[in-house]
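Below is one structure; the comments refer to it alone.
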2 protein chains.
Amino acid sequence: MAKRERGPRERMVMSAAELIRRDGVSATGVRDVVEHAGAPRGSVQHYFPGGKVQLVNEAVAWVGSYTARRIVRYVEALERPTPGALFTEMTDKWAAELTATGFAGGCTIAAATVDWADSTESTRTAAAAAFAAWTRPLADALTGMGVPETRSEDLATLMLSTLEGALLIARAERDVRALTSAARELAPMLDGAVP
Amino acid sequence: MAKRERGPRERMVMSAAELIRRDGVSATGVRDVVEHAGAPRGSVQHYFPGGKVQLVNEAVAWVGSYTARRIVRYVEALERPTPGALFTEMTDKWAAELTATGFAGGCTIAAATVDWADSTESTRTAAAAAFAAWTRPLADALTGMGVPETRSEDLATLMLSTLEGALLIARAERDVRALTSAARELAPMLDGAVP
DNA sequence: TGCGTTCTATGACGGCTGTCATGATACTGG
DNA sequence: CCAGTATCATGACAGCCGTCATAGAACGCA
């Protein structure tokens, strides 16, 4: 997964994101990140003079933009572009990932929010930016599918909220049930929003 | 809030739940819980011989049953009992709590899931039990409102997922926007499920 | 009164945390 | 070749963590 091309710096950011989404922010130590990335330990103070806070924030930002690009790709790949189909696509992808990894890891942004939203303002801001970066392409896609512009952003937020919540419940239950049943009910409702 | 009547044991469980939902599980130390509860430090090994794991699990279970009772009360208090009205009631209550507390604390169960779902099986099980304890009365209420029994549980899960996710986003954004817009869109859709 | 159980108090232990000081090495440009 | 910067390596620091051993206090019961 981690190409040789990537420098130690980017590898550390990716490893941080991976470990955070699995164990949470507080439980993820910088030594763990270094080891997981196969990076030299001395690099942490060289590349991240801001310490763990900087590392975590960059991980959050990285996941934010990476996932935003993924959303765009989902939209483009839809053969029958409707809001419900898009939502089903997202829940399906997550369900597949959860089962493939044995439910070992949820959303990095959710973990960062739960763990550090109160204590570290910069991390909370980064998480909010990530959510905003996902809402925008989602709302644009909905508008492109014929959803009235006044409702596009609300519906995008609804999709995101439901996805995040279902992901959380699925992880607790070690069962994709929450994802599939949320999609089964919400998808037709979303399609009803396009006149 | 904490009545004098409650023994130190229950006060510690409640304090644990409160601190966990604010700072996460890993960031909440047993010393913090003891201090927050105004309990004697020596009591922790007396009442919770299972250590921090037991304390966390009991906090999760406590929030689970407490919130389940709250859901039942919400249902009974509705003047015009429809699925949408119930969902709006829940999001409104959470939005009010978030603004009142300065967005300082989300859902205890979500925090426990994100932090310990992978590392501590018993906590994951407790979290799953809590979600189940919320789904059941919710589904029953929906059935009572005329929702077909085949869809009640799915819709209950959808409501819960959306609520949890919107709560998360709201905390990251320090804005109840996610809660209100999710309710604005989902509530009418839910009402459409009763024939 | 005296015994036994329940509860509280205190201090210590090893282990892990994030951070930093210090120094060695690699590499690049003149 | 040499100088200077970028990168890496190592060890130490203070602080917090969960846990436990030990002992004292409070209380009910006979």
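Proteins come first, then strands; the chains are lettered A, B, ... in the order of their sequence lines, and each starts at number 1. Keep in mind it's a predicted model, so treat the numbers as computed, not measured.
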### Length of the line joining A/Gln45:CD and D/dA12:C1', which is rounded to integer Å
13 Å
### Message
Once ring-ring contact (aromatic ring centres under 6.0 Å, His included) is applied, what residue pairs with a partner in residues 121-177 of chain A remain, sequence neighbours excluded?
### Response
A/Phe131-A/Trp134
### Query
Above 12 or not: heavy atoms from other molecules or residues under 6.0 Å from CD of B/Glu35?
no
## Note on the structure
Rounded to whole Å, NE2 of A/His46 lies from C1' of C/dT22 at a distance of 15 Å
### Message
A/Gln45: which residues meet the side-chain hydrogen bond (donor to acceptor under 3.5 Å, both in side chains) condition with it, sequence neighbours left out?
### Response
none
### Query
Rounded to the nearest Å, what distance is computed from the CZ atom of residue B/Phe48 to the C1' atom of nucleotide C/dC7?
14 Å
### Task
Return the value, rounded to whole Å, for the distance between atom CE of A/Met12 and atom P of D/dT7.
13 Å
### Message
Over all strands shown, is A/Thr28 touching base, sugar-phosphate only, or nothing at heavy-atom distances under 4.0 angstrom?
### Response
sugar-phosphate
### Task
Measure from the side chain of B/Lys52, starting at C-beta and using heavy atoms only, and say which of C/dT19, C/dT8, D/dT19 lies closest.
D/dT19
### Query
Are OP1 or OP2 of C/dT8 and a side-chain N or O of B/Ser43 less than 4.0 angstrom apart?
yes
#### Entry: Minimum-distance nucleotide (side-chain atoms of B/Tyr47 versus D/dG18, C/dT8, D/dT7)
C/dT8
#### Entry: A/Ala128: side-chain contact (heavy atoms from CB on, under 4.5 Å) partners, not counting sequence neighbours
B/Glu173
### Task
Rounded off to whole Å, could you give me the CZ-to-C1' distance for the A/Arg11 and D/dT7 pair?
13 Å
### Task
Return the residues of residues 31-42 of chain B meeting this criterion: a heavy atom under 4.0 Å from some atom of DNA chain C. Order them by number, or give none.
B/Arg31, B/Pro40, B/Arg41, B/Gly42
### Query
What residues form a ring-ring contact (aromatic ring centres under 6.0 Å, His included) with B/Phe87, not counting sequence neighbours?
none
### Query
For A/Ala27, what residues pass the side-chain contact (heavy atoms from CB on, under 4.5 Å) criterion, not counting sequence neighbours?
A/Asp23, B/Ser26
